[in-house]
Amino acid sequence: MFAKILIAALVASPLVVAHGKVSVVTGDAGGNTTALGIQGGVVPGAGSNSKTEVDTTIFNSLSAASDGLGRTEGQGKNTLTGMSAVVAQSGSTLPQVSQGGSLSGTLHIVTTDGAGPYTAIVDPTGTGAFSTGTKATVTQQVPGTFGEISPSGQTLRFMSRMLVKMGLMKRAANVNKDYPFSVAIPAGTTCTGTVGGQSGVCLVKMANPNPAGPFGGVFAMQMAGAASNTTSAATTSAKAGTKFVA
């Protein structure tokens, strides 16, 4: 009898797909950016999932150290060509990181599956080759357990997580909260990529471990004092054709 009730509850309680997105990043030596695919104020903070989640990045692999730039529901696959729009939106100075320095930013938890903890991977080639990148230490972490958080923004307790997984407790449709994060970039990092009309670029991937996603974002940075913000038109054109599928 209990089994029948449990099955009925699972069918009657659909889980809400949820997201977290990197909305702004700054370097310890200046500069700022946002993640690929972010549409800024065009996307409302609160509201239905169909309106609030369109610019959050979804990855295919639970392993953060996997290749690709992810995709968004609203714009499809993220590509390196999208970096031109990012630079136009946030300014021509990408986050500048000193040797042994760090990045800081804001991660916006849209709905409950977009929580922490987040893993950061640095790709020095600037191509999305995160499988051969370097793991960076997240020194200020986004709250959450296994990528989940409660509607009030509190970390879910064990029993609550079990009820959610069983389908007996509905996830929140919208959390709409910002959380700060910091990432220590490994000393000796050298960036060699060319994206968005700029050279000397690394890509950084932030991803949570939620199997409904994973969710997060990919953004660009440069090492302070070693970056060139210009590149030839021919090089830009060649790089613009490079695409990765998450």
Side-chain angles (χ1 to χ4, degrees), residues 10 13-25 34-38 43 45-46 48-50 52-74 78 103-122 128 130-131 133 135-183 203-219 246:
L10 287 170
S13 302
L15 300 181
V16 178
V17 176
H19 297 69
K21 58 187 178 183
V22 179
S23 55
V24 64
V25 184
T34 188
L36 272 170
I38 295 295
V43 179
S48 64
N49 289 357
S50 62
T52 62
E53 298 180 342
V54 295
D55 67 341
T56 56
T57 291
I58 308 164
F59 300 106
N60 276 349
S61 175
L62 279 172
S63 171
S66 56
D67 295 340
L69 306 176
R71 62 181 174 83
T72 66
E73 294 290 347
N78 290 329
L103 294 162
S104 60
T106 299
L107 190 133
H108 183 75
I109 297 182
V110 182
T111 40
T112 53
D113 280 357
Y118 275 77
T119 298
I121 305 290
V122 179
F130 297 106
S131 63
K135 185 176 181 179
T137 301
V138 180
T139 54
Q140 184 173 14
Q141 188 57 265
V142 178
T145 304
F146 300 114
E148 295 177 354
I149 202 167
S150 74
S152 64
Q154 299 298 313
T155 299
L156 286 179
R157 295 183 181 276
F158 176 78
M159 184 56 69
S160 296
R161 295 201 309 273
M162 292 301 100
L163 291 174
V164 166
K165 289 181 182 297
M166 293 170 65
L168 299 176
M169 177 176 156
K170 190 176 181 180
R171 294 186 178 110
N174 197 264
V175 175
N176 192 30
K177 291 182 181 293
D178 289 331
Y179 292 93
F181 70 85
S182 296
V183 178
L203 293 182
V204 181
K205 177 180 181 178
M206 295 277 292
N208 81 351
N210 201 297
F215 307 110
V218 174
F219 53 89

Can you give me the closest heavy-atom contact between [X] and [Y], atom names plus distance?
X      : Y      : value
Gly70  : Thr57  : CA-CG2, 3.9 Å
Ala115 : Ile109 : CA-CD1, 3.7 Å
Leu62  : Pro209 : CD2-O, 3.5 Å
Phe59  : Met206 : CE1-O, 3.7 Å
Ser104 : Ser182 : CB-OG, 4.0 Å
Ser66  : Ser63  : OG-O, 2.6 Å

Could you please spell out the steps behind the side chain to side chain contact (heavy atoms under 4.5 Å, CB included) verdict for Leu69 and Leu203? CA-CA 9 Å; Leu69 306 176; Leu203 293 182; 3.9 Å; yes
Is any side-chain heavy atom of Val218 less than 4.5 Å from a side-chain heavy atom of Phe130? yes
Before you tell me yes or no, could you show the steps for Phe215 and Ile58 under side chain to side chain contact (heavy atoms under 4.5 Å, CB included), namely the whole-Å CA-CA distance, both residues' side-chain angles and the distance that decides it to 0.1 Å? CA-CA 5 Å; Phe215 307 110; Ile58 308 164; 3.8 Å; yes
Stepwise, does the side chain to side chain contact (heavy atoms under 4.5 Å, CB included) test hold for Phe181 with Val25? CA-CA 9 Å; Phe181 70 85; Val25 184; 4.1 Å; yes
side-chain hydrogen bond (donor to acceptor under 3.5 Å, both in side chains) partners for [X], two or more places apart:
X      : value
Thr34  : none
Thr139 : none
Ser131 : Asp67
Asp55  : Lys21

Are Asp178 and Ser23 close enough that a side-chain donor and a side-chain acceptor fall under 3.5 Å? no
Donor-acceptor pair, side chain of Asn78 and main chain of Gly68, under 3.5 angstrom: no
Examine distances only and state if a side-chain atom of Glu148 and a backbone atom of Thr112 form a donor-acceptor pair shorter than 3.5 Å. no
Sorted by chain and residue number, the side-chain contact (heavy atoms from CB on, under 4.5 Å) partners of Ala64 (sequence neighbours excluded) come out as Thr119, Ile121, Ala207
Apply side chain to side chain contact (heavy atoms under 4.5 Å, CB included) to the pair Asn176 and His108, showing each step before the final yes or no. CA-CA 7 Å; Asn176 192 30; His108 183 75; 2.9 Å; yes
Please round to the nearest 0.5 Å and tell me the distance separating atom OG1 of Thr72 and atom CG of Leu36.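 So the gap between those two atoms works out to 9.5 Å.
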